Protein chains: 2
Amino acid sequence: MSHKDAPPIKAPLTLKDGVDFAIIEHLFFAYRDFTSDPDAILAEYGFGRAHHRVLHFVNRRPGLTVAELLDVLRITKQSLARVLKQLIDDEYIVQVQGPRDRRQRELYPTQKGRDLALALALPQSRRIRAALEEAQLADSAVVERFLRAMVDPELRAQMDKLPNGRSQ
Amino acid sequence: MSHKDAPPIKAPLTLKDGVDFAIIEHLFFAYRDFTSDPDAILAEYGFGRAHHRVLHFVNRRPGLTVAELLDVLRITKQSLARVLKQLIDDEYIVQVQGPRDRRQRELYPTQKGRDLALALALPQSRRIRAALEEAQLADSAVVERFLRAMVDPELRAQMDKLPNGRSQ
DNA sequence: GAAAATATGTCAATAAGGCTGACATAAATT
DNA sequence: AATTTATGTCAGCCTTATTGACATATTTTC
């Protein structure tokens, strides 16, 4: 154990190195706890985070196609297939043949799917509201602007396709 | 396909349901892009996000023990073992026997480990600074307060153990 | 109308990163 | 001397992702 190896560095890496570690770490811890709320609920249903993401976007953009969903989630068709199949089999989501293009499958939530999506979003929303209050932020615009600016510019168009995005 | 199944719900889930979807989704997209920067670098080294987290905290709190690291990361000993072994074998981290308690293994970065940790943090820091500027936030205190408030109160003590936390 | 492109589904194999349970060792504590 | 603690390690399992290949239905193009 450390006989003729590279010597240990004892000084901590601090913001003197010109890097904003505070926000980096705050984001890590905040996101971890933010996702822990729905994770606990999903476990009861035998679902994981992947199911949550699919269910969320199908509820937020009912009728979106498989291709559009893949684009939003940035995963492969094969990764989506497994979780989507489960959600359809368990009747949280239904597929409807595309009206103009019958190759397409429009994805819609069922009432069951709508209810679960809302149940998953509720604790997250509560956490956000409590945090805004604790941080004494009257409205969420500042935080929202910052988070939006953290996203790659090319991908912001996708966010605008959601209700109450920039398009409304 | 949707013959006598549960009917599809066509209306999108919006903030009328009393849930702040904007921040929920902004956090999702922001965190995804935030982690994509180091992910690209890690792939060149054959490492993953798990290695990043270990390397980060060992650099931020040199000399922490295995038990302390498990506590911060909230993973099991077995999950840590695999990535830690690689980081030690590749000489990014060295172990030093604890001075008071010789059962403990204090973890320190090597120069190589320090350099990589900094290289991984740099693009993230750049992204944060650009976002603060774009969102016209003179200082990061507001965002930091919000993110801290998003963390479970019990876990905030852990954040304070890092340099430039509340303890400094 | 035939050919090509597109949207989706599915199969097989692989990898990363988690998990549980069990057990071993050394060192500290009781 | 017995117990507890800190760490390491083995074996097996799960979820979520990956790539590559191929099938089918449908639309678009020539």
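Within every chain, numbering begins at 1; the chains are lettered A, B, ... in the order of the sequence lines, protein sequences first and strands thereafter. Everything quoted here is computed from the prediction, not taken from an experiment.
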Under the rule for salt bridge (Lys or Arg N to Asp or Glu O under 4.0 Å), what residues qualify as partners of A:Glu133, not counting sequence neighbours?
none

By salt bridge (Lys or Arg N to Asp or Glu O under 4.0 Å) - contacts of B:Asp90 (at least two apart):
none

Contacts of B:Asp115 that satisfy side chain to side chain contact (heavy atoms under 4.5 Å, CB included) - sequence neighbours left out
B:Gln111

Under the rule for side chain to side chain donor-acceptor pair (under 3.5 Å), what residues qualify as partners of A:Ser36, not counting sequence neighbours?
none

Any chance you could list the contact pattern along nucleotides 25-30 of chain D? Use B for base contacts, S for sugar-phosphate-only contacts and - for none, protein heavy atoms under 4.0 Å, 5' to 3'.
BBS---

Give the rounded distance in Å between these two atoms: CZ of B:Phe47 and P of C:dA15.
17 Å

What residues, two or more places apart in sequence or in another chain, satisfy side chain to side chain donor-acceptor pair (under 3.5 Å) together with B:Arg127?
A:Asp152, B:Asp37

Which residues satisfy the side chain to side chain donor-acceptor pair (under 3.5 Å) test with A:Arg74, sequence neighbours excluded?
none

Answer yes or no: does a side-chain N or O of B:Gln95 lie under 4.0 Å from OP1 or OP2 of D:dG8?
yes

Can you measure A:His51 atom NE2 to D:dA17 atom C1' for me and round it to whole angstrom units?
13 Å

Output yes when A:Arg32 and A:Asp39 qualify as a salt bridge under the 4.0 Å nitrogen-oxygen rule, no when they do not.
no

For DNA chain C, the residues among residues 63-85 of chain B that have a non-hydrogen atom under 4.0 Å from it
B:Arg74, B:Ile75, B:Thr76, B:Gln78, B:Ser79, B:Arg82

Taking only residues two or more places apart in sequence or in another chain, which ones pass side chain to side chain donor-acceptor pair (under 3.5 Å) with B:Asp89?
B:Lys85

Whole Å only: how far is the CD atom of A:Glu106 from the P atom of C:dT8?
10 Å

Spacing of B:Arg49 atom CZ relative to D:dT16 atom P, expressed in whole Å:
15 Å

